[in-house]
Amino acid sequence: MKDSAPVGIDALAFAGPAGFVDLAELARARDTDPAKFTKGLGQHRMAIAGPCEDTVTMAVEAGAEALRTFAVDPDEIGTLIVGTETGVDHSKPVAVYAHELLGLSERCRTFETKHACYGAMAGLTASMDWIASGRARGRKALVIASDIASYGLGTPGEPTQGAGAVAMVVSDQPRLLEIRPSSIGDYTRQVMDFWRPLYSKHALADGHYSIECYLDALSGARMDAVGDRGDLLQQLSACLYHVPFVKMAFKAHQRELEMELGRTIRRSEAQEWAQLTESYEHLCAPWLKLNAEIGNIYTGSLFLSLIDLLRQAGKQLAGRDISLFSYGSGCGATYCLGQIGTEVGAWQTVIDPSESLASRRRLSIPEYEALVRAAEKADRTERLNPADFGLSGGLYYTGTRNDRRHYERG
Ligand code: HMG
């Protein structure tokens with residue numbers, strides 16, 4: 001099928017918290033071999049949000065950065081969608097806080113999407129449909145993925161935490177990535193692999209089962225997108241996946257190659273294993289550096305990998321095709337193909353978050369544990385002073401007074 005008009009991602013930016021934990025240090029504190037976290041899971045650091053950093057503050061920082069660096073006038077935004085599974089209210093969407101704090105026009109449709117890590121892909125495809133339907137009338141959409149992944153101290157999920165937001169402007173003149181609507185395939189199945197009951201701040205996971213569910217969803221969504229094509233990987237310059245931890249991308253890529261070859265790849269079969277590792281090193285591994293430094297940011301993880309690809313190789317891969325796979329536990333998934341913009345090289349430097357990542361503060365394990373405990377109580381704390389947590393120069397949550405959340409620049 002032919003796509004009528006181009007639509008896709010026109011601007012991208014990342015924002016995250018000021019602190020991080022080193023995973024080798026966490027492993028030692030948990031009496032675990034550090035190689036389990038760094039090699040077994042592929043993670044080196046995880047971003048940790050303190051009590052003054054929440055889904056709203058990160059969404060606004062990322063959104064403002066995307067609008068500023070790509071010179072998008074806030075008045076051009078006609079739809080704002082925040083994909084999150086860690087919102088700040090059962091009723092009021094993060095998006096409407098962000099709408100005010102970003103200074104967007106009142107002529108704007110604003111809502112929050114939730115389906116575990118799939119919320120931002122749901123927002124991206126919904127905003128593409130809004131544009132393709134003609135309802136946008138030349139305006140753009142702002143889709144922001146913002147989350148704090150938290151599993152509880154000492155749980156198996158603990159080393160797969162993280163926090164951060166990725167903002168994307170979606171338009172019919174996408175400078176960064178055109179997504180082909182006819183290439184989009186979807187998958188849904190009710191599974192209990194990962195969830196967060198209303199009474200819990202931390203997610204619950206059937207960890208090993210969740211990996212199986214993810215891989216089944218990849219098979220299903222890819223089949224819906226491109227059928228049983230056995231030659232797709234050869235046509236692609238990169239394969240991007242939802243990245244709860246870096247090793248998951250390897251497992252996902254193995255599943256894709258197995259689908260193409262029509263058989264299971266075993267480590268004991270040296271030739272096929274070498275084909276898999278070579279394909280992974282070429283198509284996936286280079287774009288997982290930010291994920292390894294930041295951790296699982298749930299809805300934004302896939303798009304963080306896209307930022308990584310564009311910041312490193314935008315110019316070199318301009319005009320090339322890539323695949324994207326988004327998975328949300330529970331579960332829902334989408335697989336699609338996109339083409340990198342031909343002028344993307346011009347934006348390579350501005351979307352690179354390395355400088356802000358380099359200024360993050362390394363938290364000792366006792367500091368991290370104290371911060372997590374303070375964050376657990378933050379919703380019920382009247383007054384929070386960002387300076388008490390070493391924070392300045394950003395937008396912060398400063399407490400809930402009279403049942404109302406307060407945000408201030410400090
Ligand atoms: P675990 O049971 O503690 O770890 O939890 P493990 O024993 O499975 O070990 C992990 C890997 O490290 C294995 O590699 C080990 O062999 C290796 P694999 O066999 O898988 O290739 N290993 C070592 N390697 C080197 N040196 C060593 C060593 N020891 C072991 N000494 C698990 C792991 C991922 C289950 C856990 O962290 C967890 O529950 N995480 C949360 C759930 C999750 O991330 N699921 C991923 C799929 S679901 C998803 O992506 C959705 C999600 O993002 C949520 C949403 O949608 O909102 C989670």
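Position 1 is the first residue of the sequence, and the numbers go up from there. One-based numbering, in listed order, for ligands and for the atoms of each. All values reported here derive from a predicted model rather than from experimental measurement. The analysis underlying the following values was restricted to heavy atoms, covering all of them including side chains, and did not include hydrogens, waters or symmetry mates.
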Salt bridge or not between [X] and [Y]? Use side-chain N to carboxylate O under 4.0 Å.
{"X": "Glu85", "Y": "Lys114", "value": "no"}
{"X": "Glu61", "Y": "Arg409", "value": "yes"}
{"X": "Asp129", "Y": "Arg135", "value": "no"}

Do [X] and [Y] have a side chain donor and acceptor closer than 3.5 Å?
{"X": "Tyr335", "Y": "Glu256", "value": "yes"}
{"X": "Arg222", "Y": "Ser323", "value": "no"}
{"X": "Gln254", "Y": "Glu258", "value": "yes"}
{"X": "Asp54", "Y": "Tyr407", "value": "yes"}

Looking only at protein heavy atoms, which one is nearest to [atom], and how far off is it?
{"atom": "atom 1 (P) of ligand 1", "result": "Lys36 NZ, 3.6 Å"}
{"atom": "atom 36 (C) of ligand 1", "result": "Pro156 O, 3.4 Å"}
{"atom": "atom 55 (C) of ligand 1", "result": "Cys117 SG, 2.6 Å"}
{"atom": "atom 34 (C) of ligand 1", "result": "Phe245 CE2, 3.5 Å"}
{"atom": "atom 31 (N) of ligand 1", "result": "Asp33 OD2, 2.9 Å"}
{"atom": "atom 26 (N) of ligand 1", "result": "Ala35 CB, 3.4 Å"}
{"atom": "atom 24 (N) of ligand 1", "result": "Gly40 CA, 3.5 Å"}
{"atom": "atom 10 (C) of ligand 1", "result": "Leu41 CD2, 4.0 Å"}

Proximity winner for [atom], if only heavy atoms of [options] are counted:
{"atom": "atom 43 (C) of ligand 1", "options": "Ser210, Gly328, Ser326", "value": "Ser210"}
{"atom": "atom 2 (O) of ligand 1", "options": "Gln43, His208, Glu85", "value": "His208"}
{"atom": "atom 56 (O) of ligand 1", "options": "Pro159, Ser329, Ala217, Ala149", "value": "Ser329"}
{"atom": "atom 41 (C) of ligand 1", "options": "Thr160, Thr86, Thr299, Asp206", "value": "Thr160"}

- prompt: Can you check ring-ring contact (aromatic ring centres under 6.0 Å, His included) on Tyr97 and Tyr397, steps first, answer last?
  reply: CA-CA 11 Å; Tyr97 284 106; Tyr397 164 66; 9.4 Å; no

Could you list which atoms of ligand 1 come closer than 4.0 Å to a heavy atom of [X]?
{"X": "Gly157", "result": "37 (O), 38 (C), 40 (N)"}
{"X": "Ala116", "result": "55 (C), 56 (O), 57 (O)"}
{"X": "Lys247", "result": "14 (O), 18 (P), 21 (O)"}
{"X": "Pro244", "result": "44 (O), 46 (C), 50 (O), 53 (O)"}

query: Is the shortest distance from atom 15 (C) of ligand 1 to a protein heavy atom below 4.0 Å?
result: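 Protein heavy atom within 4.0 Å of atom 15 (C) of ligand 1: absent.
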
field: Any protein heavy atom < 4.0 Å from atom 58 (C) of ligand 1
entry: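 So far as the 4.0 Å threshold goes, atom 58 (C) of ligand 1 is in reach of a protein heavy atom.
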
Test item, Lys251 contacting ligand 1 (heavy atom, 4.0 angstrom):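 Yes; Lys251 lies near enough to ligand 1 that a heavy-atom distance drops under 4.0 Å.
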
- prompt: Does Tyr151 come within less than 4.0 Å of ligand 1, judged by its heavy atoms?
  reply: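 Tyr151 counts as a contact of ligand 1 under the 4.0 Å cut-off.
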
query: Between Ile184 and Met128, what is the shortest heavy-atom contact and its length?
result: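 Looking at all heavy atoms of both residues, the shortest contact is CD1-CE, 4.2 Å.
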
Closest approach of Glu112 to Lys92 (non-hydrogen atoms, all atoms of both residues):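 Shortest heavy-atom contact: OE1-O, 4.3 Å.
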
message: Within this structure, what is the CG-CG distance for the pair Leu41 and Asn296, rounded to the nearest 0.5 Å?
response: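 Rounded to the nearest 0.5 Å, the CG-CG separation comes out at 11.5 Å.
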
query: About how many Å separate CD of Gln161 and CZ of Phe20, when rounded to the nearest 0.5 Å?
result: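 Interatomic distance, Phe20 CZ to Gln161 CD, rounded to 0.5 Å: 15.0 Å.
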
task: Between Tyr118 and ligand 1, find which residue part has any heavy-atom pair under 4.0 Å and reply side chain, backbone, both or neither.
output: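 Neither; nothing of Tyr118 gets under 4.0 Å from ligand 1.
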
query: When only distance counts, is His242 in polar contact with ligand 1, meaning an N/O pair under 3.5 Å?
result: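 Yes - when backbone and side-chain N and O of His242 are compared with those of ligand 1, one distance drops under 3.5 Å.
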
- request: May I ask you to check whether Tyr214 has an N/O atom sitting below 3.5 Å from an N/O atom of ligand 1?
  value: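 So ligand 1 has no N or O lying under 3.5 Å from an N or O of Tyr214.
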
task: Check whether the ring centres of Phe325 and Tyr214 lie less than 6.0 Å apart, and answer yes or no.
output: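 So the answer is yes for these two rings.
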
query: Can Tyr187 and Tyr118 be said to form a ring-ring contact (aromatic ring centres under 6.0 Å, His included), step by step?
result: CA-CA 11 Å; Tyr187 177 90; Tyr118 181 70; over 10 Å; no

